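A quick write-up on the structure given underneath.
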Amino acid sequence: MLPRYLNAEVTGMGVKGLQYFMEKCCPETCVMVDFREMARQHVNSHQQGSSTTLPTLVVDGMACLRHWYSCQAWVYGGQWKEYMHCLKEFVGAFTTAGIRLVFFFDGVVEEEKRAEWVNRRLKVNEEVAKVFRYLKFHGQQPGQELFCLPSGLATFSRFALKSLGQETWCSVREADYEIASFALRHNCMGILGQDTDFIIYGSVPYLSVAQLRLDTMTTVLFSTDKLCHALQLQKSELPLLACLLGNDVVPEQRMQRLRSDALAAYRRKHPQSPPQGEKIYAVADFISSNKLSREGAHGVSCLPLTDREVLEKGVLYYLLPGQQPLWDISDTSPRSPVCLMKSYLSPDILQAAKEKHMRAECFMVYNVLYDGVVECSNTLEDGDDAELIPQAIVYQPCRERIYGILLPTNPDSGGRAPTVREWFVFPGNPLKDPKVVSPLPLNHSDLKRLWFGKDSETKGLRISTFLAVFELDEFSVEHDRLDGSLMAVLCLVTYIAMQVGHLSLEDIDAYLSQAICVRYKSYTELLHTRVSHVEPRAVQLGSLFVRGLTHLVAANSACGCPFPMEQLMPWNTFDGLLFHSKYLLAHSGRPQEELLEGNASWVSLFRFLRELVLGICSSRGQTIQSRPRITHPGKHVDHSEQWRERGAPSGQHGPSPQRYRPQTRSPSGQHGPSPQRYRPQTRSPSGQHGPSPQRYRPQTRSPSGQHGPSPQLYRPQTRSPSGQHFPSPQHYRPQTRSPSGQHCPPPQHYRPQSRGPRAQAHVFTEHNRPRSTRPNRRRYHLAPRWQNPHPDFP
């Protein structure tokens, strides 16, 4: 059973109120089923001679995203390696049961659904604002009631499933229609999703992903036959029921007056009926009392409806190929997408774009070439942060160049030039109209050569065009020295540094160090990553990076794929919790060796990438300054005023701030004195906290693979067997940097507090607790320790 927040979200999809009605008012329509038994029965009923066909389950990928993303950490930008493990478990469970999976994802947003899409995005914007208010007040990840999917999850999920060898499709029209049509055409055993539109289609059994249990391979089947029996309707009348109740095509408010009249009439006929579910019963009774025969009806016009055209369009929405409506509707031809850019492009380019899009092998290209409309859903962005601009604006210059690759930039004989309409969601954008963007010309070869060329020169042309999208032609030499994943990180971090004016050296260090470390960590190792608190600015920077990866994928698609798509995926380049930990370390003044966990080869690679990023920025006249930020859990700092308050000029280090000291607790739960410096705890091989050695030496590896001592010493905090903190014998003196980037001693005004000789371990109780000199000060707590969501795995 999924959490309540998830059910509340997914029940809003499809027909308004229908799933709630079936679950609460007509529980007999909800049948618990076993996938393995369903598959066996499906094979037996469809066996042809001696040959057997593998039972196929069609999966609505968009509806499954929340079920798939079961990672406990979600606010940091995504735990992508753990997410890949979740997908492998999902696919493996059905493969073991002998069930073939076919995945579908939304590839377009049809204009009939644009208003509903906008309304949902604006509501999610309000939820995102609540998330950041919570982060600023509490300093830790909110509970599941404020859960938001990590940015780019839908985009990268289709590539993830393809990398797992799964059949994956991207729709060229409404995905629900293509899913129902595919399931009917291929005689599939069912549709797994969370959209009541599939009940109305009635092509194959509709199975709930919200009720799915992989351990028992069971879920709930929503029975169309039993629903029709309960409402005394025919299957062919269900589309009219859906439109009168309201769906993604017919707004709920449009038919409000008719529903009110039907409800009043129903109450007069059934005065003793319970109020629960009576709206749907009333609409069904209205349809039953207005039975129409095909011979005596002239379309739906004989019904007393005020918005007949809208209603007729809604009924046609559910009409699958080969089906006929109950009423004689004049135009029943299948809806097909219209290519608005046909006059600007050759047919072979359009065909190739459509095929790659349908096979989920590219991103954004088909949307630009067919109707010139691109959309981007919500991102975790703080609308109150004046320093960090929304990702839609950060990446607009590179999108303009992508459009310049795909579309002509000069007007045609009629003086017309193609433009692209962007529906990008960000704080402050009311989404009343799309933003019209003109393609930016690039000096590149024609699109045919980029896509279809096979000569050796074409490969270099694709790479140079890709780099030109981000104005990084200087990196053409580095392409042969770095693999694709590191090249992607290098391009993205450099582009962000040039576009975001308030990016600091510490931010760049966090980006680069996590990108290097994540390459060598398994998802189980990443589960043990700890952060003292959640910093709102780091949350937005993490989402900014992941959105940048989608633009790398779009540029790669437009340029003929100079890089394998797998190298640009986030599970090879990013981990949200790891990035957050590096961000806090970097802004605490920790040395590079600690950021890179004491590995000498990682440090060398980090410095090489850092020098490239800063070199490009310097050549463009942009100096990236060191601006460490003082952050505390549950206390938001206005960093725009921070430097003036401290009296330090921009880019210079002022007096070293006092370190955040997490409080300790006695066995009774009372607060004890905090240690002098916060030092990460160590674990024994068994996972228990034990006393730490005198020196923690991050291990490096020699070329032979043997561990060697690290040149830098890091002194972690120690614990007594009872769990009490011992202060470290040495004070940690934060490093400062000169303008050249070299380490120098702490300034003279830095005076670490001295508390005398090492104190003995003592358990404080309510009666012998020392009196505080500041009894009214606010106390901060560490965020809860990260729990492994998969306890069966180490």
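None of the values given here were measured: they were computed from a predicted structure.
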As an exercise, state the distance from [atom1] of [X] to [atom2] of [Y], rounded to the nearest 0.5 Å.
X: Gln166; Y: Leu161; atom1: CD; atom2: CG; result: 6.5 Å
X: Tyr366; Y: His357; atom1: OH; atom2: NE2; result: 6.0 Å
X: Leu316; Y: Tyr318; atom1: CG; atom2: OH; result: 12.0 Å
X: Lys354; Y: Cys170; atom1: NZ; atom2: SG; result: 13.0 Å
X: Ile179; Y: Asp60; atom1: CD1; atom2: CG; result: 4.0 Å
X: Leu65; Y: Gln194; atom1: CG; atom2: CD; result: 12.5 Å

With a 3.5 Å cut-off and no angle check, do the side chains of [X] and [Y] form a donor-acceptor pair?
X: Arg100; Y: Thr56; result: yes
X: Gln351; Y: Glu355; result: yes
X: Tyr281; Y: Gln232; result: no
X: Ser543; Y: Arg547; result: no
X: Thr168; Y: Arg158; result: no

Heavy-atom distance under 4.5 Å between the side chains of [X] and [Y], does that happen here?
X: Leu221; Y: Cys30; answer: no
X: Tyr266; Y: Ser273; answer: yes
X: Leu431; Y: Trp423; answer: yes
X: Ile280; Y: Met22; answer: no
X: Asn367; Y: Val108; answer: yes
X: Tyr83; Y: Phe156; answer: no
X: Glu167; Y: Leu101; answer: no
X: Val102; Y: Val59; answer: no

| message | One pair to check against side chain to side chain donor-acceptor pair (under 3.5 Å): Thr224 and Tyr201. What are the steps and the verdict? | response | CA-CA 9 Å; Thr224 302; Tyr201 283 117; over 6 Å; no
| message | Ile349: which residues meet the side-chain contact (heavy atoms from CB on, under 4.5 Å) condition with it, sequence neighbours left out? | response | Ser346, Leu369, Leu447, Lys448, Trp451, Phe452
| query | Hey, what's the ring geometry for Phe104 with Trp169, parallel, tilted or perpendicular (30° and 60° as the breaks)? | reply | parallel
| Between Phe222 and Tyr206, how do the two ring planes meet: parallel, tilted or perpendicular, split at 30° and 60°? | parallel
| query | How far apart are the closest heavy atoms of Ser151 and Thr379, and which atoms are they? | reply | OG-CG2, 3.3 Å
Side-chain donor or acceptor of [X] paired with backbone N/O of [Y] under 3.5 Å:
X: Asn378; Y: Arg121; answer: yes
X: His42; Y: Asn187; answer: yes
X: Glu112; Y: Val249; answer: no
X: Thr196; Y: Ile199; answer: no
X: Arg259; Y: Leu244; answer: yes

| said: So that I can tick it off, tell me whether Arg421 and Asp371 are bridged by a salt bridge, with the cut-off set at under 4.0 angstrom between side-chain N and carboxylate O. | reply: no
| said: Under a 4.0 Å threshold between the charged nitrogen and the carboxylate oxygen, would Arg133 count as salt-bridged to Glu126? | reply: no
| Taking only residues two or more places apart in sequence or in another chain, which ones pass salt bridge (Lys or Arg N to Asp or Glu O under 4.0 Å) with Glu178? | none
| Given Glu375, which of Lys113, Lys435, Arg114 fulfils the salt bridge (charged side-chain N to carboxylate O under 4.0 Å, His left out) condition? | Arg114
| message | Would you say the ring centers of Tyr317 and Tyr177 fall short of 6.0 Å from each other? | response | no
| query | What about Trp68 and Phe90, are their ring centers closer than 6.0 Å? | reply | yes
| request: Could you pull out all residues at least two apart from Asp106 that satisfy side chain to side chain donor-acceptor pair (under 3.5 Å)? | output: none
| task | Have a look at Tyr403 and tell me which of Leu440, Thr409, Thr419, Val437 forms a side chain to side chain contact (heavy atoms under 4.5 Å, CB included) with it. | result | Val437
